[in-house]
Q: 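This structure is in C-alpha cells; I'll ask about it shortly.
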Amino acid sequence: MVFCIVGLVIFGVLGIFSAKYRRYFRESLHCMKRQLTLRPCDTQFDQEMKSKIAASAGKKSERLGRFIYKRFALLSWIMIIMLAASIAMIGFGVYSYIAFGNCNGPDSSDFCIFGVLGGSVDERIAGLKTIDTRNGVEAGNPKAAVKIIEVGCFSCPYTKSAESLRLQILGKYSGNASFIFKDMPLPSHNLSRTLAEAAKCANEQGAYWEYHDKIFEQQENMTEQKTREIAEEIGMNTSQFNSCMDSRKYAAEVEQDYQDGIAAGIFATPTYFVNGKPVIGLRAFADLEKIVVGEITGQCPTE
Amino acid sequence: MPDGVISMNVEKLRQDFPVLQKHVYLDSACMSLKPRQVVEAMNRYFLEFPSCGERSSHKLGKMVTEETEKAREKTAKFINAKDDEIIFTKNTTEGLNLAANSLGLREEDVVITSDKEHNSNFLPWRRFDHKIVATKNGELDLKDLESKISKNVKVVAMQQTSNIDGMTFPIKDISKICHDNGSLLVVDGAQSVPHKETDVKKLGCDVLAFSGHKMLGPSIGCVYIKKELSEKMKPFMVGGGTVANVTGGTPHFLKPPHMFEAGLQDYAGIIGLGAAVDYLGKVGLKNIEKHETMLNKAMTEGIEGVKNASILGGSAEERGGILSISIKGMKSTEAAIMLDSHGVLVRGGHHCCHNWFNTNGIGGSVRASLYLYNNEGDAEAFAKAVKKIAAMT
C-alpha cells in the first residue's frame with residue numbers, strides 16, 4: 001500500500017528521536033520491500049495506521065472519520081505527492097544555499113535560517129557580540145536608560161514586520177528607551193545595499209526616519225527608481241539626493257556596517273541588542289516589552 | 001476477596017484486577033486477567049521457596065513439592081478428577097499434542113474433529129487419517145458425526161466451547177457416540193473449563209486439555225487423562241523427572257502424571273493455577289456463567305440494528321461469554337484496532353481457526369470475550385464503540 005512509503009519517511013525521521021517509532025519504520029520498510037517485489041504487505045502496517053487515524057478523527061467528527069476510512073488510499077497518494085514536493089523543495093533549498101548562499105534562491109529576499117554565516121543556530125547565538133553602533137541612526141531619548149539596537153535590512157520582510165515594535169516601544173517608553181537602527185544589508189536580498197545608501201542620503205537632509213518608513217511601506221515593489229521618487233514625495237532636495245545616490249557616497253559606510261554585522265556574528269535580521277543583550281528574530285511586542293521593562297526596573301525577565 | 005457462591009459482587013472483585021481501572025478488557029478468551037491473589041501466590045514461590053520440586057530433599061524443595069501437589073489436588077477437584085489424572089503442561093496446545101503423540105496412534109488410524117476446531121486441536125491430528133465433521137450455525141452436526149464414525153475411528157477430538165462464537169458442543173452426546181463405537185474422546189476445554197462447571201466423569205471424556213491463563217491463572221496448561229488410559233500411554237517428551245531409573249540404557253518410567261512432566265516444571269505457574277482455582281471456586285462457576293450470559297445479552301441488544309454488523313453463532317444464551325461479529329466493508333483487524341482507539345480491547349482476525357474461516361469465506365471476526373470481572377459499563381462501552389466504527393463503512 002502507498003501508505004508504506006509515507007510511513008517509511010515519517011517514521012524514519014521520528015525513529016531517530018524515539019524508539020517507539022522504529023517498529024513502524026521497520027514494518028513500513030518491510031512492507032515497501034514486499035510491494036516492490038509485487039507481493040502483498042503482510043505486516044498489517046497500513047491497516048493499523050488507517051484504523052488508528054480514522055478512529056482518532058472519528059472521535060472528533062464521525063464524518064471526518066468515515067471520509068478518512070473510505071478514502072485512505074487516495075489520501076495516501078496525496079500525502080506521497082506532498083512528501084515528494086517537500087523533498088524536492090528541501091533539495092532546491094540545499095542546492096540554492098550551496099550555490100547562492102540563500103536557501104530561497106538567488107533572487108529571493110525571504111528569510112533563510114542558515115543566514116550569513118555557517119554553523120548551528122545555538123553556536124551562532126552563543127557567538128553573538130554587541131555590534132558597533134557607528135553609522136547607526138537613533139530615535140527617541142538619547143539619554144534613555146534602555147538602548148535598543150536594531151540590526152536590520154531594508155529588503156528583509158521580517159525587518160519590515162518588526163517596524164511596529166519600534167513604534168510601540170518608543171510610544172510607550174519614550175523617556176526610557178531609544179532605538180538605534182543599524183544597517184545589515186543581507187547579500188541575498190535585492191537592493192539591500194542601495195536602500196541602505198539611500199536612507200543615509202536621506203539622513204543628510206534630516207529626513208532619515210520619514211524615508212526609512214517609506215522604504216518599508218513600499219518594500220514589495222521597491223526599485224532603484226523608487227528610491228528617488230520617495231525622496232521627491234517627502235519633499236527632499238532631490239538634486240542633492242540624486243547626486244548622493246549617483247556618487248555612491250555611502251557605499252563604503254554601508255560596507256562597514258555589513259562588516260560590523262559579520263564581526264558581531266549577526267545571522268538573522270532583525271536582531272536586537274537591548275542594553276547589549278541579544279534578541280534574535282521577529283518577536284511579539286509583549287516579549288520585547290518584557291525585556292525592556294526588565295531593563296528599566298533592573299529586574300531581569302525570565303524567558 | 002470475592003463474596004462467595006451465592007452472589008457475585010462484581011464491583012468488589014474488580015478491585016482485585018487493577019488493570020480494569022484503565023481498560024475495558026474484553027479479550028479473556030485469549031488471556032484472562034490475573035487477580036492480586038494469584039500474583040501473590042506466585043510471588044510467595046519466588047520470594048520464599050524458589051527451589052526444585054520432586055527432586056531436592058531439603059526444606060525448600062519439600063515446600064515446592066508440597067505446594068505443587070496441593071495445586072494438583074485443587075485442580076483435580078475443580079474438574080472432579082483424581083490427583084494423578086492431572087498433568088501440568090505449558091498450555092492447552094501442549095496438552096492436545098501430548099494426547100496426539102502419546103495415545104499410540106498409527107498414521108492409518110482415523111481421527112475425527114469438527115470443522116471449527118482451534119488450530120491446536122486441528123493440526124496435531126492432520127498426520128493421521130483426519131476426517132472432519134461439519135457445523136451448522138455454530139452447532140455440531142451429530143448426524144454427520146454418526147455417519148462418519150466407524151471401528152477405524154480411534155479418536156474423536158472436539159472442542160467443548162468454540163473460541164470463535166462461544167457455541168458449546170453437546171459433549172455428553174458425543175461421548176456416548178464415541179464410547180458406543182470404542183473411540184476415545186479428547187476434549188479441548190480451553191474455552192469451557194474457565195466458564196462452566198466441569199465434571200469429567202459426567203462429560204465422559206477420556207482426555208480434557210485446558211489452560212491456566214484463560215482462567216485467571218498464569219501461562220500454564222493442564223491435561224486430564226483418565227487413569228486407565230494414561231497407564232497404557234507412553235510419554236512423548238522424556239527426560240529428567242519422568243523416570244524412576246535407567247538401567248542398561250532402558251528407562252523405567254514413573255507412574256502418571258510424573259512420567260508426562262519432563263524436566264523442571266513451572267512451579268510458580270502451577271501454584272498460581274492453584275490460587276486461580278481457589279478464586280473461581282469461591283466466586284462459583286454457575287455465578288460466572290450466569291453473569292457472562294447476562295452481559296452478552298446486553299452487548300447483543302446494544303448492537304442490534306447496527307448497520308453492516310452480523311453476529312456469528314446463535315443467541316446470547318448459547319454463546320455464553322463470547323460475542324463475535326463481522327462488519328461488512330471493514331476488516332476484522334481494522335475494527336479491533338479502532339475499538340482499541342476507543343479504549344475497548346478485543347481481538348480481531350481468525351482466532352487460530354483459519355480453516356473454518358477460509359472454508360466459510362469469512363474474512364475474520366471481531367471477538368469480545370467476557371469474564372467474571374466485566375460489568376455493564378464494559379458492555380455499554382463495547383456497544384457504543386461498535387456503533388461508532390460501523391458507521392464508518
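Quick note on labels: first sequence line is chain A, next is B, and so on, each numbered from 1.
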Q: Please walk me through it: do B:E334 and A:K50 pass salt bridge (Lys or Arg N to Asp or Glu O under 4.0 Å)?
A: CA-CA 8 Å; B:E334 288 175 354; A:K50 176 183 171 181; 3.6 Å; yes

Q: Any chance CD of B:E376 has more than 12 other-residue heavy atoms, nucleotides or ligands included, within less than 6.0 Å?
A: no

Q: Looking only at heavy atoms, which two atoms of A:A54 and B:M392 are closest? And how far apart?
A: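 The answer is O-CE, 3.3 Å.
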
Q: Is it the case that atom NZ in A:K59 sees more than 12 heavy atoms from other parts of the structure closer than 6.0 Å?
A: yes

Q: Near A:M82 CE, under 6.0 Å, is it more than 12 heavy atoms from other residues, nucleotides or ligands?
A: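 12 or below, so no.
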
Q: At a 4.5 Å cut-off on heavy atoms, which part of A:K52 comes close to chain B: side chain, backbone, both, or neither?
A: both

Q: Do other residues, nucleotides or ligands put more than 12 heavy atoms under 6.0 Å from the NZ atom of A:K33?
A: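 Result for NZ/A:K33: open.
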
Q: Looking only at heavy atoms, which two atoms of B:K331 and A:Y69 are closest? And how far apart?
A: N-OH, 3.9 Å

Q: Tell me, out of A:S56, A:G58, A:S51, who's got the most heavy-atom pairs with chain B below 4.5 Å.
A: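 If we count pairs closer than 4.5 Å to chain B, A:S51 comes out on top.
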
Q: When you measure from the side chain of A:R66 to the backbone N and O of B:T393, does any donor-acceptor pair fall under 3.5 Å?
A: no

Q: How about A:R63: does its CZ atom have over 12 heavy atoms from other parts shown lying under 6.0 Å from it?
A: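 No.
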
